[in-house]
Amino acid sequence: MRRATAIAIAFGVLALMVTGALDRLLLGVFMATGLTLGWVNARLTWMSIVRITDAETPSKQKLALSSASRLIILTGLSILVAFLTRPYGVGIFFGLAVFQLILVLHTALPEVKGLRQQS
């Protein structure tokens with residue numbers, strides 16, 4: 001998670017630099033906000049999984065409810081921000097998407113490397 005955090009910070013800084021140079025700094029701010037929201041969601045997901053699996057009776061229903069409520073809140077907040085601050089607010093969705101891409105690649109690439117070494 002530390003490496004994904006560092007990559008997300010680097011992308012946030014890069015987004016701010018590029019959008020600032022293009023005189024669209026507010027777009028970069030919302031992209032960085034989306035990256036931050038993605039990170040917060042990943043941390044809350046991790047903490048929720050640890051808490052539920054450490055319980056005496058882990059429940060798939062609790063995990064599903066936790067994930068659904070977190071995603072509903074995150075989506076609602078993102079839509080509200082994008083709507084109230086359009087056209088630059090759409091950057092929040094770009095930030096969320098980039099963070100998800102970082103997280104998936106950070107997780108999948110070591111697995112692909114491991115599979116290649118086995119064959």
Side-chain angles (χ1 to χ4, degrees):
M1 187 70 173
R2 288 182 188 147
R3 187 178 301 161
T5 302
I7 294 170
I9 289 170
F11 271 104
V13 169
L14 182 66
L16 288 170
M17 288 171 42
V18 169
T19 57
L22 297 173
D23 200 28
R24 303 285 189 257
L25 186 60
L26 200 53
L27 179 63
V29 169
F30 286 115
M31 290 173 78
T33 303
L35 285 163
T36 303
L37 283 175
W39 181 84
V40 168
N41 182 45
R43 291 295 293 173
L44 290 175
T45 300
W46 181 262
M47 290 175 9
S48 175
I49 289 170
V50 168
R51 187 186 65 229
I52 291 171
T53 56
D54 283 348
E56 287 183 25
T57 56
S59 170
K60 290 181 187 178
Q61 294 163 339
K62 286 182 182 180
L63 186 59
L65 182 62
S66 172
S67 295
S69 62
R70 193 174 46 260
L71 289 176
I72 287 171
I73 291 168
L74 180 67
T75 303
L77 179 65
S78 298
I79 289 172
L80 183 67
V81 167
F83 180 75
L84 292 176
T85 59
R86 60 182 177 245
Y88 300 121
V90 75
I92 201 165
F93 293 112
F94 290 119
L96 283 166
V98 167
F99 186 80
Q100 289 303 316
L101 183 64
I102 291 168
L103 206 56
V104 166
L105 290 177
H106 185 264
T107 304
L109 287 180
E111 293 299 323
V112 170
K113 288 179 183 178
L115 288 173
R116 283 188 183 171
Q117 289 176 355
Q118 287 179 353
S119 22

Connecting only ILVMFWY residues whose side-chain heavy atoms lie within less than 4.5 Å of each other, what is the rest of L44's hydrophobic cluster? M1, I7, F11, L35, W39, V40, M47, V98, F99, I102, L103
I need the minimum non-hydrogen distance between T107 and P110, along with the two atoms involved. O-CD, 3.5 Å
Taking atom CG of N41 and atom CG of L71, what is their separation to the nearest 0.5 Å? 5.5 Å
Say whether, by atom type as modelled, one donor and one acceptor occur between the side chain of T75 and the main chain of I72 under 3.5 angstrom. no
In Å, rounded to the nearest 0.5 Å, how long is the span from CD1 of I73 to CG of L37? 12.0 Å
For S66 and S48, the nearest pair of non-hydrogen atoms, with its separation, is OG-OG, 2.8 Å
Could you pull out all donor-acceptor pairs under 3.5 Å where a side-chain atom in residues 15-25 meets a protein atom, sequence neighbours excluded?
| from | atom 1 | to | atom 2 | distance (Å) |
| --- | --- | --- | --- | --- |
| T19 | OG1 | A15 | O | 2.6 |
| T19 | OG1 | L16 | O | 3.4 |
| T19 | OG1 | G28 | N | 3.4 |

Give a yes or no on this: more than 12 heavy atoms of other residues, nucleotides or ligands lie within 6.0 Å of atom CZ of F93. yes
CD1-NZ distance between I49 and K62, expressed to the nearest 0.5 angstrom: 15.0 Å
I79 reachable from L74 in the ILVMFWY side-chain graph, under 4.5 Å edges: yes
Hydrophobic clustering (ILVMFWY, side-chain heavy atoms < 4.5 Å, transitive) - are F30 and L77 grouped together? yes
Please round to the nearest 0.5 Å and tell me the distance separating atom CE of M31 and atom CG of L96. 11.0 Å
For residues I92 and V13: do they belong to one hydrophobic cluster (side chain heavy atoms under 4.5 Å, members Ile, Leu, Val, Met, Phe, Trp, Tyr)? no
Measure the OG1-NE2 distance between T5 and H106 for me, rounded to the nearest 0.5 Å. 8.5 Å
